[in-house]
Novice: 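Below: one structure in structure tokens.
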Amino acid sequence: MKATQISKHIWSLKTWILIPVTVWVVVEEDGVTLIDTGIPTMAKGIMTFIERLQAGPLKRIILTHGHSDHVGSLKAILRKYNVPVFAHRKEIPYIEGELPYSGKKLMTTLQKGTTHALPENEQGQLQPIGGLTPYFTPGHSPGHVAYYQEQDQVLLAGDLFSSKKGKLRKPLFTPDMSEVLQSSTIVSKLLPARLEVCHGSSVSQPADQLDAYIAGINKTHPSVTVS
């Protein structure tokens, strides 16, 4: 597993199967936030890295979504660290085994009632958690969320995109590309300096690529539109 400091407060931890799989460690004022937990073989490396970082205790785990390559180390990490796990409320039934993802078997990552919904205000808007602001970005999964670290201007986008050699690519195994493209416009609103994806490399100034990315998807998927 390769650890890389990508900004002042954020580290990426990456391993490879057939494709890269990445999770992120964010240094907060009160300790550390872990975003996603990758595949099962990453558990030991993630925990060892957090201990060696000496940036404080693990305070929380937050998920972009609940697919197996994003929650694979979750149970092992929770056996060592008694910390809360957060996901979008729409994603929790899939994580806790009440609903199957499209085209997949029913899975149970955590027992019912143990996953916390990301905080929302009375209007249903997601609220900051630690030093991160969540943005609802469905399409790849029903409750997919991307997280923005404003201080470092980094968007941790999970599977909202994939990338290759610093270029935006469409996410893998995605049931609703129209919804994904609509969600991708968050990049033009936030204008992050850097975008990180689970499967691929870092993308600098991603908003500069967004129009060409959307046009390319529309060309290969004529039925896919962005309103």
Side-chain angles (χ1 to χ4, degrees), residues 12 17-24 35-36 38-39 62-72 86-95 99-104 107 109 117-118 120 124-126 132-149 154-227:
S12 71
I17 35 177
L18 295 176
I19 55 176
V21 177
T22 308
V23 305
W24 300 278
I35 301 179
D36 289 343
I39 57 177
I62 59 179
L63 302 174
T64 60
H65 61 297
H67 287 167
S68 59
D69 55 336
H70 294 256
V71 299
F86 294 90
H88 194 279
R89 55 182 171 80
K90 290 188 176 182
E91 200 77 2
I92 292 174
Y94 300 89
I95 295 170
L99 294 172
Y101 286 111
S102 176
K104 298 180 182 293
M107 55 177 272
T109 301
L118 288 165
E120 300 180 9
Q125 296 172 319
L126 293 173
L132 298 156
T133 302
Y135 289 90
F136 182 47
T137 52
H140 181 73
S141 75
H144 190 283
V145 173
Y147 296 93
Y148 188 50
Q149 214 283 2
V154 175
L155 182 62
L156 304 171
D159 283 354
L160 179 58
F161 305 91
S162 64
S163 67
K164 186 176 182 179
K165 296 181 179 179
K167 299 295 184 181
L168 295 175
R169 296 288 185 267
K170 67 179 182 180
L172 307 173
F173 310 113
T174 295
D176 194 333
M177 280 303 302
S178 289
E179 197 169 37
V180 159
L181 282 193
Q182 190 63 51
S183 293
S184 72
T185 60
I186 190 64
V187 171
S188 63
K189 297 174 184 176
L190 296 175
L191 300 176
R194 185 174 183 136
L195 181 141
E196 294 285 318
V197 298
C198 177
H199 307 302
S201 55
S202 299
V203 179
S204 297
Q205 305 299 331
D208 293 345
Q209 299 183 32
L210 191 62
D211 287 347
Y213 167 77
I214 291 173
I217 299 297
N218 287 335
K219 185 175 181 180
T220 55
H221 297 75
S223 61
V224 173
T225 59
V226 179
S227 59

Novice: What pairs of residues pass the salt bridge (Lys or Arg N to Asp or Glu O under 4.0 Å) test when at least one of them lies in residues 191-217, not counting sequence neighbours?
Specialist: R194-E196
Novice: Kindly give the heavy-atom pair with the smallest separation between A157 and A146, and that separation in Å.
Specialist: CA-CB, 4.0 Å
Novice: Using every non-hydrogen atom in the two residues, find where R89 and A117 come nearest and quote the distance to one decimal.
Specialist: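 Looks like CB-CB, 3.9 Å.
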Novice: Is there a side-chain contact between S141 and Y94 in this structure, where contact means two heavy atoms from C-beta onward sitting under 4.5 Å apart?
Specialist: no
Novice: Set out, in order, the CA-CA distance, both residues' side-chain angles and the distance that settles side-chain contact (heavy atoms from CB on, under 4.5 Å) for V203 and K167, then state yes or no.
Specialist: CA-CA 6 Å; V203 179; K167 299 295 184 181; over 6 Å; no
Novice: Looking at OG of S183 and CE of M177, how far apart are the two atoms once the value is rounded to the nearest 0.5 Å?
Specialist: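 Nearest 0.5 Å value for the OG-CE distance: 10.0 Å.
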Novice: P192 and side chain to side chain contact (heavy atoms under 4.5 Å, CB included): which single residue from I186, V187, V154 fits?
Specialist: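 Of the listed residues I186, V187, V154, the side chain to side chain contact (heavy atoms under 4.5 Å, CB included) partner of P192 is V187.
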Novice: For P20, does its backbone N or O pair with a side-chain atom of H199 as donor and acceptor, under 3.5 Å?
Specialist: yes
Novice: Of all heavy-atom pairs between K170 and S162, which one has the smallest distance, and what is that distance?
Specialist: O-OG, 2.7 Å
Novice: Could you grab the distance from atom CG of L156 to atom CG of D36, nearest 0.5 Å is fine?
Specialist: 9.5 Å
Novice: Looking only at heavy atoms, what is the nearest atom pair of S12 and T22, with distance?
Specialist: CB-CG2, 3.9 Å
Novice: Look up atom CE in M107 and atom NE2 in H67, then write down how far apart they are to the nearest 0.5 Å.
Specialist: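 Here the interatomic distance stands at 8.0 Å.
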Novice: Side chains of D69 and I17, heavy atoms from C-beta outward: is any pair under 4.5 Å?
Specialist: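 No; the side chains remain at least 4.5 Å from each other.
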Novice: V180 and H140: which non-hydrogen atoms are nearest, and at how many Å?
Specialist: CG2-N, 3.3 Å
Novice: When you measure from the side chain of T174 to the backbone N and O of L172, does any donor-acceptor pair fall under 3.5 Å?
Specialist: yes
Novice: Return yes if some donor-acceptor pair links the side-chain N/O of Y101 with the main-chain N/O of P142 below 3.5 Å, else return no.
Specialist: no
Novice: Let me confirm one number: the CG-OG1 distance from L160 to T137, rounded to the nearest 0.5 Å.
Specialist: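 That separation rounds to 5.0 Å.
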Novice: Would you indicate whether the side-chain heavy atoms of L168 and L195 approach each other to under 4.5 Å?
Specialist: yes
Novice: Heavy atoms, side chains only, cut-off 4.5 Å: are Q125 and F136 in contact?
Specialist: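 Answer no - side chains too far apart.
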Novice: Atom CH2 in W24, atom CD1 in I62: separation rounded to 0.5 Å?
Specialist: 10.5 Å
Novice: Give the minimum heavy-atom separation between L181 and S184, together with the two atoms involved.
Specialist: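 Looking at all heavy atoms of both residues, the closest pair is O-OG, 2.6 Å.
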Novice: Restricting to salt bridge (Lys or Arg N to Asp or Glu O under 4.0 Å), what partner residues turn up for R169, sequence neighbours left out?
Specialist: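 Result, salt bridge (Lys or Arg N to Asp or Glu O under 4.0 Å) vs R169: none returned.
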Novice: How long is the gap from NZ on K90 to CD1 on I95, to the nearest 0.5 Å?
Specialist: 14.5 Å
Novice: Within the 4.5 Å heavy-atom criterion, are D159 and T64 side-chain neighbours or not?
Specialist: no
